[in-house]
Each structure stands twice: as structure tokens, then as C-alpha cells.
Trainee: 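Right, I'll just put the structure down here and ask away after.
What you see is a predicted model, and the numbers here were worked out from it, not measured in a lab. Here is the naming used below: chain letters follow the sequence lines, and residue numbers restart at 1 for every chain.
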Amino acid sequence: EPEVTQTPSHQVTQMGQEVILRCVPISNHLYFYWYRQILGQKVEFLVSFYNNEISEKSEIFDDQFSVERPDGSNFTLKIRSTKLEDSAMYFCASSEYRQGPGRFGNTIYFGEGSWLTVV
Amino acid sequence: GDSVTQMEGPVTLSEEAFLTINCTYTATGYPSLFWYVQYPGEGLQLLLKATKADDKGSNKGFEATYRKETTSFHLEKGSVQVSDSAVYFCALNAGGTSYGKLTFGQGTILTVHP
């Protein structure tokens, strides 16, 4: 079964350093997402991406964050200057694009996550 | 805003016991509802979903019915197995302009003992 793959599975970085988390979405999917889960808290939406631009972003997704689809297969999340509170599991996800009344029931497929620890 | 509330965990059961994990939601309009499961060391996997009131989602012996009148989507299984041990997340997609934005509950840890 097709799957979303993420690298690295775990990264430790020093505060203030830049981090890039990478993802390969399912090949025929057109919508891409990043979510995160701080330890002990809910999974939170960060950003959605469609047609090479951000479709929606949450208030968490401030200027320190950026996303990119550099080469038609990878989808990346960059954190420019990491803070201690950025320590979390980051999930990449993807979905097909559907129109019509059933579109909000579309299945979103998640990767296994990248654990980011900021020290 | 939109929100999902799951029953407090963790839940510990013996094999073949009946499982219920409660989930209630708050949303404007008519959201789609989902249960995701995370097995140890793996990512979030869709378990089942329902897109309109009174729909029943089912998969792998699990069921949940979209109850608009009680704004609930409780997960049930008649006889759990050790392999069902995982974290279960209830989620909604409220629609509108938010195409793929899922709002999650806090997750419920299920441990099943032989």
C-alpha cells in the first residue's frame, strides 16, 4: 500500500539552529500537510499546501516556519531558528484532491513522524 | 471554535472484553468524523470514518456511528485483541474553507492484556 515517508525519524538540534524535515507524499496526491504533536498534547494542524502554495495555515505556523516542494516529489518543513518549544513529533500527510459534497470526508494519510528535540 | 473531546485514558482491558472509547465534538455545520489509530512505532492510520449523520463507519471489527443529536462518534469493538493495543484519536474535518484541516482529540491509550 502506498505510504507517506518521512526523514529523519529523530533529530536533535541546538536552540537557534535551522532544521529541515523531509517528506515524500503518496505519488498521486495533490494536497500536502504538516501536523505536530507536542508530548502529552493533541495533534495540531500546522499548514496545508496545494498547487505549489500554502492553502491554509494555523496561528502556530509563524514566520519561523516555511514549506516547500522543491522537486515534485519531496515536501519539506523548515524551521529557521528553533526554540525549545518546537520540540515535538512532526507528521507529514497527504491526500487526493476531490471536489463536491464528499470532499471533507477525504482520507488524509500520515507518515510515521519525525521526532524533533531542541536542546 | 471546533473541538473534539475524548474520554480520559489510559484504558486497560483483558482480551475479548468489550471496548468503548467516547468521543464528542463541537463544530459549526456538518463535519466529517474520523477515528485514527497509532500503533507503537508507527504513524497515524485511518481506522474508520463517517461523513454524515447516522452513517456508521466500520473496519477491523471496530464501529462508530455519527450521532448528530448527541454530537458524538463513540468507538466500539465487541471483542478486543492484544494486537489492538494502540493510541486511538478521534478527529473531525469541519469543512468550509478548511479542506484538509483535521481537529484531533487528545488520544486514548488502549492496552489489552492476554
Side-chain angles (χ1 to χ4, degrees), chain A residues 1-7 9-10 23 25-26 29-51 54-61 89-115, chain B residues 1-6 8-10 23 25-53 55-57 59 64 66 73 86-109:
Chain A
E1 182 175 321
E3 58 181 18
V4 176
T5 57
Q6 291 185 239
T7 54
S9 56
H10 190 193
C23 169
I26 295 172
H29 286 184
L30 298 179
Y31 253 96
F32 315 114
Y33 315 88
W34 285 99
Y35 285 76
R36 80 172 184 188
Q37 184 180 27
I38 295 171
L39 191 63
Q41 298 186 22
K42 295 184 178 185
V43 177
E44 304 172 290
F45 169 83
L46 292 179
V47 66
S48 60
F49 190 86
Y50 171 72
N51 199 26
I54 289 174
S55 177
E56 184 175 3
K57 60 183 180 180
S58 72
E59 58 194 24
I60 303 168
F61 195 88
M89 175 74 88
Y90 288 82
F91 292 104
C92 177
S94 69
S95 69
E96 296 176 329
Y97 176 65
R98 289 186 188 171
Q99 294 180 301
R103 64 191 184 278
F104 299 112
N106 206 10
T107 298
I108 297 175
Y109 294 84
F110 287 81
E112 293 185 1
S114 294
W115 249 129
Chain B
D2 304 324
S3 66
V4 175
T5 302
Q6 289 180 233
E8 293 292 327
C23 171
Y25 67 88
T26 302
T28 54
Y30 303 96
S32 293
L33 302 174
F34 305 82
W35 277 100
Y36 278 83
V37 59
Q38 185 176 30
Y39 298 104
E42 299 185 17
L44 297 166
Q45 302 175 23
L46 178 69
L47 181 59
L48 52 84
K49 66 181 180 182
T51 57
K52 60 183 187 296
D55 268 3
K56 178 186 284 188
N59 186 25
Y66 187 161
F73 193 54
V87 184
Y88 291 82
F89 295 90
C90 186
L92 68 81
N93 184 335
T97 58
S98 301
Y99 180 76
K101 180 182 176 182
L102 293 175
T103 300
F104 282 88
Q106 64 268 41
T108 301
I109 300 171

Trainee: Report the relative orientation of the aromatic rings in A:Tyr109 and A:His29; use parallel for angles under 30°, tilted for 30 to 60°, perpendicular for over 60°.
Mentor: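 Tilted, since the angle between the ring planes falls between 30° and 60°.
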
Trainee: I'd like to know whether B:Lys49 forms a side chain to side chain donor-acceptor pair (under 3.5 Å) with A:Thr107, so could you lay out the CA-CA distance, the side-chain angles of the two residues, the decisive distance to 0.1 Å, and finally the verdict.
Mentor: CA-CA 8 Å; B:Lys49 66 181 180 182; A:Thr107 298; 3.0 Å; yes

Trainee: Heavy-atom cut-off 4.5 Å, strictly under: side chain, backbone, both or neither for A:Tyr35 against chain B?
Mentor: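 For A:Tyr35, side-chain heavy atoms alone lie under 4.5 Å from chain B.
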
Trainee: Side chain from CB out, backbone as N, CA, C, O: work out which of these in B:Gln38 comes under 4.5 Å of a heavy atom of chain A, or both, or neither.
Mentor: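 Only the side chain of B:Gln38 comes within 4.5 Å of chain A.
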
Trainee: Heavy-atom cut-off 4.5 Å, strictly under: side chain, backbone, both or neither for A:Glu44 against chain B?
Mentor: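 No part of A:Glu44 comes within 4.5 Å of chain B.
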
Trainee: Sort B:Tyr30 into side chain, backbone, both or neither according to what part of it lies under 4.5 angstrom from a heavy atom of chain A.
Mentor: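 Neither; nothing under 4.5 Å.
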
Trainee: Would A:Tyr33 and A:Ser95 count as a side chain to side chain donor-acceptor pair (under 3.5 Å) here? Give the steps.
Mentor: CA-CA 9 Å; A:Tyr33 315 88; A:Ser95 69; 2.7 Å; yes

Trainee: Can you label the angle between the B:Phe89 ring and the B:Phe104 ring as parallel, tilted or perpendicular, going by 30° and 60°?
Mentor: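 Ring orientation of B:Phe89 relative to B:Phe104: perpendicular.
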
Trainee: Okay, side chain of A:Glu112, backbone of A:Ser9: is any donor-acceptor separation there less than 3.5 Å?
Mentor: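 Here the side-chain-to-backbone pair does not exist.
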
Trainee: If I measure from the heavy atoms of chain A, does B:Leu46 come under 4.5 Å with its side chain, its backbone, both, or neither?
Mentor: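 Side chain only.
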
